[in-house]
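In the text below, chain A, chain B and the rest are named by the order of the sequence lines, each starting its count at 1.
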2 protein chains.
Amino acid sequence: MARAATTTDAFNAVAEPRRRQILDVLAGGERPVNDLAHELGLAQPQVSKHLRVLREVGAVDVREEGRQRMYRLNGEALKPIHDWVKNYERTWSERFEALDVVLEELKQEEDGDDSGE
Amino acid sequence: MARAATTTDAFNAVAEPRRRQILDVLAGGERPVNDLAHELGLAQPQVSKHLRVLREVGAVDVREEGRQRMYRLNGEALKPIHDWVKNYERTWSERFEALDVVLEELKQEEDGDDSGE
DNA sequence: AAATCATATGCCGATATAAGAATATGTCAA
DNA sequence: TTGACATATTCTTATATCGGCATATGATTT
């Protein structure tokens, strides 16, 4: 078996840095393909290909306007990534470490409590 | 050019679902390789290989204990992912949408205000 | 030392990639 | 209709992957 296709899910689509850059630009508003190509210093065909991947995972939507195609961010497609990674925030955030201490204390009290379960 | 190596960064390492599962288990505490293999229903060699990738991007640390190797989560390696994706939270979170409204209002006032800043 | 347990590594095969260049498709303008 | 513009697709080449299986490495027990 080979590596999962880039179009499998948002995790795979976004593993490519150029695609993250494209999304970052689109976060500032709708853009046509050539705009993106110039802004990121990429060749037009590569941008079109990256956009195809992003479209297949639902991270962008397209709208036809004359001969241009306006691409727009659809951030919801990234929610699964956020949902997954936010559970690890506690491992580096002092704020969450402090919360962990409180939870640990509560657990201690519970353990010393013989009220059964 | 081919796809970037899975060991290039956390984004690539974590695009593989099994590796996310491994991290999820390790979030519950240190584990030896066979434990992970059983818990996830994977063959031991594949687990070792996935752990190698995770180790190379710094997402796990190892500690030798007799003939076992205890693997431990190092969540900080996932911070870049969190930092990137959190900027998109506003696109699906009502809470942030509300914040956007407030910011928009502030901007309106500012624009219509000639008292400088 | 030999047997056993725990883990890592090597090899195989099928597959998807990403960039580049060329070209196809499609739209608007003269 | 012809030409210019905007975008998508196709083909090529080099490469890394993932699972399965066999095996190497290393530590512990008997």
Side-chain angles (χ1 to χ4, degrees), chain A residues 1-23 25-26 29-73, chain B residues 1-23 25-26 29-73:
Chain A
M1 192 182 283
R3 201 165 170 182
T6 53
T7 52
T8 301
D9 54 31
F11 284 95
N12 281 280
V14 149
E16 166 64 32
R18 316 279 193 177
R19 285 195 283 266
R20 289 199 299 279
Q21 290 178 9
I22 289 176
L23 293 179
V25 173
L26 291 181
E30 234 182 14
R31 300 281 174 111
V33 180
N34 264 331
D35 250 48
L36 292 168
H38 289 133
E39 185 134 0
L40 299 174
L42 299 176
Q44 174 268 314
Q46 335 300 340
V47 174
S48 280
K49 286 182 222 168
H50 284 313
L51 285 169
R52 196 186 198 313
V53 174
L54 292 172
R55 195 154 37 92
E56 289 198 34
V57 300
V60 300
D61 291 321
V62 211
R63 181 174 64 87
E64 316 229 346
E65 180 160 321
R67 41 185 156 183
Q68 299 192 325
R69 299 219 177 162
M70 304 299 288
Y71 279 84
R72 175 165 29 92
L73 173 68
Chain B
M1 195 182 281
R3 203 165 168 185
T6 54
T7 51
T8 301
D9 54 32
F11 284 96
N12 281 280
V14 149
E16 165 64 33
R18 317 280 194 177
R19 284 195 281 267
R20 289 200 298 277
Q21 289 177 10
I22 288 176
L23 293 179
V25 174
L26 291 182
E30 233 182 14
R31 300 279 175 113
V33 180
N34 264 329
D35 251 48
L36 292 167
H38 289 131
E39 186 135 358
L40 299 174
L42 299 175
Q44 172 267 312
Q46 334 299 342
V47 175
S48 280
K49 286 181 215 168
H50 283 313
L51 285 169
R52 195 185 199 315
V53 174
L54 292 173
R55 196 155 35 93
E56 289 199 34
V57 299
V60 299
D61 290 322
V62 212
R63 182 172 63 86
E64 315 230 344
E65 181 161 320
R67 42 184 158 188
Q68 297 192 326
R69 299 219 175 160
M70 304 300 288
Y71 279 86
R72 176 167 27 93
L73 173 69

Return no unless some side-chain N or O of [X] is found under 4.0 Å from OP1 or OP2 of [N].
{"X": "R69(A)", "N": "dA8(D)", "result": "yes"}
{"X": "S48(B)", "N": "dT7(C)", "result": "no"}
{"X": "Y71(A)", "N": "dA8(D)", "result": "yes"}
{"X": "R18(B)", "N": "dG19(D)", "result": "yes"}
{"X": "R52(B)", "N": "dT9(C)", "result": "yes"}

request  = Could you check if a side-chain atom of L36(B) sits within less than 4.5 angstrom of a side-chain atom of L26(B), using non-hydrogen atoms only?
outcome  = yes

So what does [X] touch, heavy atoms closer than 4.0 Å: a base, only the sugar-phosphate, or nothing?
{"X": "E16(B)", "result": "sugar-phosphate"}
{"X": "Q46(A)", "result": "base"}
{"X": "R19(B)", "result": "sugar-phosphate"}

ask   = Rounded to the nearest 0.5 Å, how far does CZ of R52(A) lie from CZ of R19(A)?
value =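 Here the interatomic distance stands at 12.5 Å.
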
inquiry  = Closest-nucleotide mapping onto DNA chain D: is R3(B) or V47(A) further toward the 5' terminus? I mean the 5' end.
reply    =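 Between the two, 5'-proximity favours V47(A).
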
Counting side-chain heavy atoms from CB outward, which of [options] is closest to [X]?
{"X": "K49(B)", "options": "dG20(C), dT9(C), dA8(C)", "value": "dT9(C)"}
{"X": "A2(B)", "options": "dT15(D), dA6(C), dA18(C)", "value": "dT15(D)"}
{"X": "V33(B)", "options": "dT7(D), dT7(C), dA18(C)", "value": "dT7(C)"}
{"X": "N34(A)", "options": "dT7(D), dA27(D), dT27(C)", "value": "dT7(D)"}
{"X": "P45(B)", "options": "dA6(D), dA22(D), dT17(C)", "value": "dA22(D)"}
{"X": "R67(B)", "options": "dT7(D), dA6(D), dT28(D)", "value": "dT28(D)"}

Nearest whole Å is fine: how far is [N] [atom2] from [X] [atom1]?
{"X": "E64(A)", "N": "dC5(D)", "atom1": "CD", "atom2": "P", "answer": "21 Å"}
{"X": "L51(A)", "N": "dA6(D)", "atom1": "CG", "atom2": "P", "answer": "16 Å"}
{"X": "E65(A)", "N": "dC5(D)", "atom1": "CD", "atom2": "P", "answer": "19 Å"}

inquiry  = Ignoring hydrogens and geometry beyond distance, is the side chain of Q44(A) in donor-acceptor contact with the base of dA8(D) at under 3.5 Å?
reply    = yes

